[in-house]
Structures are given as C-alpha cells and as structure tokens.
**Q** 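Okay, here's the structure, questions in a sec.
Just so we're on the same page: letters track the sequence lines, and every chain starts at 1. From a predicted model like this one, the values you see are computed outputs, not experimental measurements.
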Amino acid sequence: MKIGYPCINWSIGCKGNRTFRLKSYSEERLIETVENNLNCLEKILEFNVKNNILFFRISSDLIPFASHPICSFNWQSYFKKKFEKIGKIILNNNIRISMHPDQFIVLNSKDNTVVERSIAELDYHTQILDFMRLKYNAKIQLHIGGGYGDKNTSLDRFVNVYDNLDDNIKSRLVIENDDNIYMLNDCLFISEKIHIPILFDYFHHLIYNDNENIDYCLKSILKTWDKKDGIPMIDYSSQRIGKKSGSHAESLDIQDFKNFIELSKSYDFDIMLEIKDKEKSAIKAVKMVENDIRFKNNQL
DNA sequence: TCACGTCAAGCAGAT
DNA sequence: ATCTGCTTGACGTGA
C-alpha cells in the first residue's frame, strides 16, 4: 500500500501548478511557467521519496492551456528531456502516479463541443504520462459526468463516447464514484460494459451509496483492475467538521483513518488522501501505517 | 506590498 | 437568479 496526496506541496516553497491568465498568453510565458512547474514537480517527488510518500497526483495545470486552441507551441518536444528525467525518477523509485482532470471534462455531455474539448484535455493528460514513459498503472481518474435528469441515457452516452476514444487514452482512464449522481453501483454497471477500472472514493461513497458495505465495495472494484493497471487506487477523505457535507477535512483524522485501514486490511490498494494540508497528513498517515505494520510484526 | 475581483471550460444542488 | 463546490486558490490590476 502506498500513500499519497494531490497536486500541491505546502512546505517545499514552490508550486507545480502555476498558471496565468489566457489574456496574458505568450509562448515565453508558457515556457517560463512550464519550466517552473516541471522543476517543482521534480522537487516534490524528491521530497516525497525522502518521506516515503510513493503516490502522487500530478496537477492538470502542469502545462497551462495545453488543450486550448491558443496553444500551438510544441511543448512535447521542447520539454522532452525533462519529461524523461522526471519519468525516470518516478520509475526508479517505483512511484505511483495519478491525474484528475477537472470538472469541465464531461465525456457524456449533451453538448458535442464540450465532449470534443474534454477528449482534447484527456489527450493532453495522456501525453504527459506517455512522455514520462510511465507504465499503464499511472492513471487518469474521471467522474462519469452529468445526469441530465435521465441517468440511463446519460450512462449510455458515456459508454458510446468511451468506445470511440483512442486506445492510449483508454489504457489510462479509470472512473470514480461521485457524491451525488453516479455511485459505485453505477460505475460497476459501466465497468461491466466497457471493462474499465474503478477508482473507489471512500468519502464520496459514505455520502452517496446503496448501503453496500466496504468489503463489498473493495471486493467488486478489485476485479476491475487488470494486472497491467496495477493495484486499485482509492481516494480517501473525511468530513471537515462544521462545514457542509462533502467538504474535505483540514487535516487527517488519524483515528478515522486507522478505522478505515482496519476495515480494509484484507485488500491491497494505493490510497490518495484528499486532505487540505496535503503532505502533512500524508506523512502522518505513512508513519501510522509503518507503526501499524511493526506492531503487527511484533505480535507474530 | 497588498486587497480583492476575477479567472477557459460544466453541472447539480442550495440559497 | 445567483452562488458554491468540485481535486485546488492563484493571477494580476489598481491603489
């Protein structure tokens, strides 16, 4: 089991997701920003390795406007060496990588231009992972999309669009249960049709579910990950106290996390902590799990 | 230097 | 109708 956190490291003094306004777009600005983002990504990965954090989500802002029509710059070849260098760090240290395109990416939208833009954005995400030469266990996680008042038709639309995607996108894409439209059982339904891995979001599941217990959830999603996909990825968060349901906690509730680890101990997966304080909680979690394993070993 | 309005993009649910 | 959340605040103008 690897533990990770998404996109931002607060303690390292740089950001790998810097961007700028479309209005101020220029080739120079793009190069400068991407250079910063890639350098910082490298630093974050080194920080993570030192702290035994071997799972990381790369920000979608790594190359700002990469899938926007304004971007005609060939960032792929300009940064080829850098991508390969970062890829080597990832492979040498056996780091698991995910990406999570943002909310504007909707494959089952009723608006075809939205679908086209979404595919372009998925293509960009795929290129990042491909140019780093990462294995197919590096994944792009996506929600199924809108409900449009008719979930069955909307599910079908997702399946049809998925069928026509390029194979290199398909081999990276996984679907994730959300907290108000498509729950785990919907993902399982789709996965049976198109054979796509399911990333189980534990926190979303607590908010929106069909009363399935955690054992059922983990057992069913496990089957959707082939050998080439690696072990399943899980998103974990806990409720921020005093905020509305679904708000992510500021900092890891270690007891709640312990309970989840205990509950899921028969399964192996990599776990992404969607907690606001990022690497701080990840370090806490890593130490907890290491101590837990030592404790178990002492019992033997 | 800092406050704060706004930022490429979608959708649903709350207010 | 408008605002908020989502995986996440950061950019950039104006004072």
**Q** Using a 4.0 Å heavy-atom cut-off, write out nucleotides 10-15 of chain C from 5' to 3' as B (base contacted by protein), S (sugar-phosphate only) or - (no contact).
**A** BBS---

**Q** With distance as the sole criterion, is a donor-acceptor pair present between the side chains of Asn185(A) and Asp210(A) under 3.5 Å?
**A** yes

**Q** Tell me what Glu274(A) touches on the nucleic acid: a base, only sugar-phosphate, or nothing, going by heavy atoms under 4.0 Å.
**A**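 Sugar-phosphate: the residue Glu274(A), judged by heavy atoms under 4.0 Å, touches backbone atoms but no base.
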
**Q** Can you name the one residue among Asp167(A), Asn137(A), Asp130(A) that meets side chain to side chain donor-acceptor pair (under 3.5 Å) with Arg172(A)?
**A** Asp130(A)

**Q** From CZ of Arg157(A) over to C1' of dG10(B), roughly how many Å is that when rounded to an integer?
**A**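 Spelled out: CZ on Arg157(A) to C1' on dG10(B) is 13 Å.
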
**Q** Could you check whether Ser11(A) and Asn9(A), counting side-chain N and O atoms only, form a donor-acceptor pair closer than 3.5 Å?
**A** yes

**Q** Parallel under 30°, tilted from 30 to 60°, perpendicular over 60°: which one fits the rings of Trp75(A) and Tyr124(A)?
**A** perpendicular

**Q** Will you find, in the side chains of Thr113(A) and Asp111(A), an N or O donor that is under 3.5 Å from an N or O acceptor?
**A** yes

**Q** Using a heavy-atom cut-off of under 4.0 Å over every strand shown, decide if Gly147(A) touches base, sugar-phosphate, or nothing.
**A**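 Sugar-phosphate only.
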
**Q** Does the gap between the ring centers of Phe65(A) and Phe20(A) come in under 6.0 Å?
**A** yes

**Q** Kindly state whether the pair Phe104(A) / dA9(B) counts as stacked, where counting means centroids closer than 5.5 Å and planes tilted less than 30° apart.
**A** yes

**Q** In whole angstrom, what separates Asn108(A)'s CG from dA9(B)'s P?
**A**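 It is 20 Å, rounded to the nearest whole Å.
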
**Q** Just to be sure I understand: a Watson-Crick pair is purine N1 to pyrimidine N3 plus N6-O4 or O6-N4, both under 3.5 Å. Using that and G-U wobbles, which stems of three or more pairs involve DNA chain B?
**A** B:1-7 with C:9-15, B:10-15 with C:1-6

**Q** Would you say the rings of Phe203(A) and Tyr236(A) are close, in the sense that their centroids are separated by under 6.0 Å?
**A**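 Centroid separation for Tyr236(A) and Phe203(A): 6.0 Å or greater.
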
**Q** Starting from C1' on dT8(C), measure out to CD1 on Ile275(A) and report it in whole angstrom.
**A** 14 Å

**Q** Round to the nearest Å and state the distance from Asp179(A) atom CG to dC6(C) atom P.
**A**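 Computing the Asp179(A):CG to dC6(C):P distance gives 8 Å.
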
**Q** From dC11(B), dA12(B), dA9(B), pick the nucleotide closest to the side chain of Glu121(A)?
**A**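 Within the option list, the nearest is dA9(B).
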
**Q** Give me the residues of residues 45-72 of chain A where at least one heavy atom lies under 4.0 Å from an atom of DNA chain B, by number, or none.
**A** Phe65(A), Ser67(A), His68(A)

**Q** Over how many whole Å does the gap from Gln103(A) atom CD to dC3(C) atom P extend?
**A**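 Distance, rounded to whole Å: 17 Å.
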
**Q** Would you say a side-chain N or O of Ser118(A) is under 4.0 Å from OP1 or OP2 of dA9(B)?
**A**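 For dA9(B), neither OP1 nor OP2 has a side-chain N or O of Ser118(A) closer than 4.0 Å.
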
**Q** Fit a plane to each ring of His143(A) and His100(A), take the angle between them on a 0 to 90° scale, and name the class: parallel (under 30°), tilted (30 to 60°) or perpendicular (over 60°).
**A** tilted

**Q** How long is the line joining CG of Asp235(A) and P of dC6(C), in whole Å?
**A**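 Result: 13 Å.
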
**Q** Using atom P in both nucleotides, what's the gap between dG12(C) and dT8(C) to the nearest angstrom?
**A** 22 Å

**Q** Heavy atoms from C-beta onward define the side chain here; which of dA9(B), dG13(B), dG9(C) lies closest to that of Asn180(A)?
**A**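 In terms of side-chain proximity for Asn180(A), the closest of dA9(B), dG13(B), dG9(C) is dG13(B).
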
**Q** Taking only Lys NZ, Arg NE, NH1 and NH2, and the carboxylate oxygens of Asp or Glu, determine whether Arg18(A) and Asp61(A) approach each other closer than 4.0 Å.
**A** no

**Q** In whole angstrom, give the distance that lies between atom NZ of Lys23(A) and atom C1' of dA8(B).
**A** 13 Å

**Q** Please state whether the rings of Phe56(A) and Tyr5(A) are parallel, tilted or perpendicular, taking 30° and 60° as the class boundaries.
**A**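 Perpendicular, since the angle between the ring planes exceeds 60°.
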
**Q** Could Lys170(A) and Tyr162(A) be counted as a cation-pi pair, given that NZ or CZ must be under 6.0 Å from the ring centre and within 45° of the axis?
**A** yes

**Q** For Asp111(A) and dC11(B), give me the distance from atom CG to atom P, rounded to whole Å.
**A** 7 Å

**Q** Per the side-chain contact (heavy atoms from CB on, under 4.5 Å) rule, which among Ile97(A), Ile128(A), Leu129(A), Val174(A) passes with Ile140(A)?
**A**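 Only match with Ile140(A) under side-chain contact (heavy atoms from CB on, under 4.5 Å): Leu129(A).
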
